[in-house]
> 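After the structure tokens below, expect a handful of questions from me.
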There are 2 protein chains.
Amino acid sequence: MLTLARATGQGTNLALVKRRRISTETIARLPLYLRCLNEINAGQLTCSSDELAAGVGVNAAQVRKDLSYFSPPGVRGVGYRVDALRDLLRTELGLTEKHRVAIAGVGNLGRAILLYPGCTDAGFDIVVAFDTDPLRIGATLNGIVVDDIANLERVVREKAVTIGIIATPAGAAQAVADRFVAAGVRSVLNFAPSVLKLRSDVQVRRVDLSTELQILSYHQGQLG
Amino acid sequence: MLTLARATGQGTNLALVKRRRISTETIARLPLYLRCLNEINAGQLTCSSDELAAGVGVNAAQVRKDLSYFSPPGVRGVGYRVDALRDLLRTELGLTEKHRVAIAGVGNLGRAILLYPGCTDAGFDIVVAFDTDPLRIGATLNGIVVDDIANLERVVREKAVTIGIIATPAGAAQAVADRFVAAGVRSVLNFAPSVLKLRSDVQVRRVDLSTELQILSYHQGQLG
DNA sequence: TAGATTGTTAATCGATTAACAATC
DNA sequence: TAGATTGTTAATCGATTAACAATC
């Protein structure tokens, strides 16, 4: 699955024809294209790369290039069929599958994530929440009973969790991440202000409020 | 301030010697280097680019290149002086100034941000919160009285807000952003799931939970 | 057919990394 | 001096964009 397969030119090797590594930049734009498509009026059957580009804030050539990796339902002179492209992106993004999500840490941020509609919306099921605080363990949040983090490995395995969200203090983040990975999780979303070191086959995304503020702070200093 | 100045070779034009545009990628790593430095034991006086690279998960050459834009306190054969480099990064990031922050939307996410210690920690003062909901207006959160968003322009001006955080539903985000900008805000942190279109002199950072989950979903599909 | 717009190649641009002289 | 490590140049790599043939 990780190898780069190319057309053999013999025409028989169809299953192998399409396997190239697509950049994270491209992948990160797909949800934005999808969102843009979802905002299009039901009566509009096609949309152009120009329209998608405007909606997402990128170049139209970028849109066509990004979509070209996925044999998109584009018609020259016409545009992309909205429905078909939406379905394609959903499929490619794996949104036709349910994802079972665990969240570690139910402080203010963890609770906000747990209650965030965007999660449950698109096929992401938060199936368990963990904390260390005896005052929080056993509480019910959004239908989830907060479990003792001591049970992490067992529960993550039992519930077949595929995505782990880390909303612990920075000091605990690495250890919790390691435990997620040991329990089989291969996708981690890290809200703690720390850079996680994990195996290269584990996908980590970082969402870091204080870093974002500091970047804005830099640009404040560059104004006028 | 936006022009590219170069050394004249005459030696007199010192004020203009150092002005180049530094990439957002580089700027975005500075807070990580700073955090890494803050975690270093007080007894350790210097640190190498290797050590910073390991802490931040990048190449050591990258670290040296990034820091080289700021005349860092590095000594060949020795490393960077920890204290001096920390001070330098704080200064360059503008963290020696106070930033006055407004937040629009005090739903679950807005409240979590308001209560997030990382904000207040590093010189970011949340000075006002806005909402449309009469049930929320007037409530006190973390010492801030929630104001009616109808007053946004006036209050943002009065309190000299420099950074606006958007934690509204997606449908309101663009309008609120436009109002922030009209009131003089030039840095916006957008937590709503939408791509804002703003003047090019306004710096926008997007933090988008559902997009992040979808990116992880894609990579789940690529696993073995 | 003329006009529109994709798909794709090639050019450009910019970021990362390797390499190494400078120098502590 | 020998060893270490920065600062910086040049090489590499990869992403974005322009251009245009294909084609509806």
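Here is the naming used below: chain letters follow the sequence lines, and residue numbers restart at 1 for every chain.
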> Can you list the stems that include DNA chain D, where a stem is three or more consecutive Watson-Crick or G-U pairs with distances under 3.5 Å?
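Stems for DNA chain D, defined as runs of 3 or more consecutive pairs: C:3-24 with D:3-24.
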
> Would you say B/R21 places a side-chain N or O within less than 4.0 Å of OP1 or OP2 belonging to C/dA15?
no

> Figure out the CZ/C1' separation between A/R64 and D/dT17, and round it to whole Å.
10 Å

> Hey, is the side chain of B/S49 poking within less than 4.0 Å of OP1 or OP2 on D/dT6, counting only N and O atoms?
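Looking at the OP1 and OP2 atoms of D/dT6, one of them is under 4.0 Å from a side-chain N or O of B/S49.
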
> Could you tell me the separation between the OH atom of A/Y69 and the P atom of C/dT6, rounded to a whole number of Å?
17 Å

> Taking the side chain of B/S68 as its heavy atoms from C-beta onward, which of D/dT6, D/dT8, C/dA15 lies nearest to it?
D/dT8

> Rounded to whole angstroms, how far apart are CG on A/D50 and C1' on D/dA18?
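Those two atoms, CG and C1', are 14 Å apart.
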
> Closest nucleotide of DNA chain D for A/N59 versus for A/V75: which of these residues is on the 5' side?
A/N59

> Nearest to the side chain of B/R29 - D/dT5, C/dT16, D/dT16?
C/dT16

> Looking only at side-chain atoms of B/R76, point me to the closest of C/dA22, D/dC24, D/dA18.
C/dA22

> Between atom CD1 in A/I22 and atom P in D/dT16, what is the gap in whole Å?
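To the nearest whole Å, that distance equals 13 Å.
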
> Taking all atoms of both residues into account, what is the closest heavy-atom pair of B/V202 and B/S187, and its distance?
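Smallest heavy-atom distance, with atoms named: CG1-N, 4.4 Å.
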
> Of all the choices, D/dT9, D/dA18, C/dT6, which nucleotide is nearest to the side chain of B/K65 once you look at every atom?
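Minimum distance to the B/K65 side chain belongs to D/dT9.
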
> Please evaluate residues A/I166 and A/L196 with respect to the criterion side chain to side chain contact (heavy atoms under 4.5 Å, CB included), reporting the C-alpha separation (whole Å), side-chain torsions for both, the decisive distance (0.1 Å), and the verdict.
CA-CA 10 Å; A/I166 295 184; A/L196 299 176; 4.0 Å; yes

> Tell me: CG of B/L67 to P of C/dT17, nearest whole Å?
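Those two atoms, CG and P, are 15 Å apart.
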
> Please report the distance, rounded to the nearest Å, between CG in A/L45 and P in C/dT5.
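Computing the A/L45:CG to C/dT5:P distance gives 15 Å.
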
> Considering only C/dG7, D/dA18, C/dT17, which nucleotide approaches the side chain of A/P72 most closely?
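The answer is C/dG7.
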
> OP1 or OP2 of C/dG7 sitting under 4.0 Å from any side-chain N/O of A/Y80?
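A/Y80 to C/dG7 OP1/OP2: side-chain N or O found under 4.0 Å.
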
> Between D/dA18, C/dT6, D/dA15, which nucleotide has the shortest distance from any of its atoms to the side chain of A/E25?
D/dA15

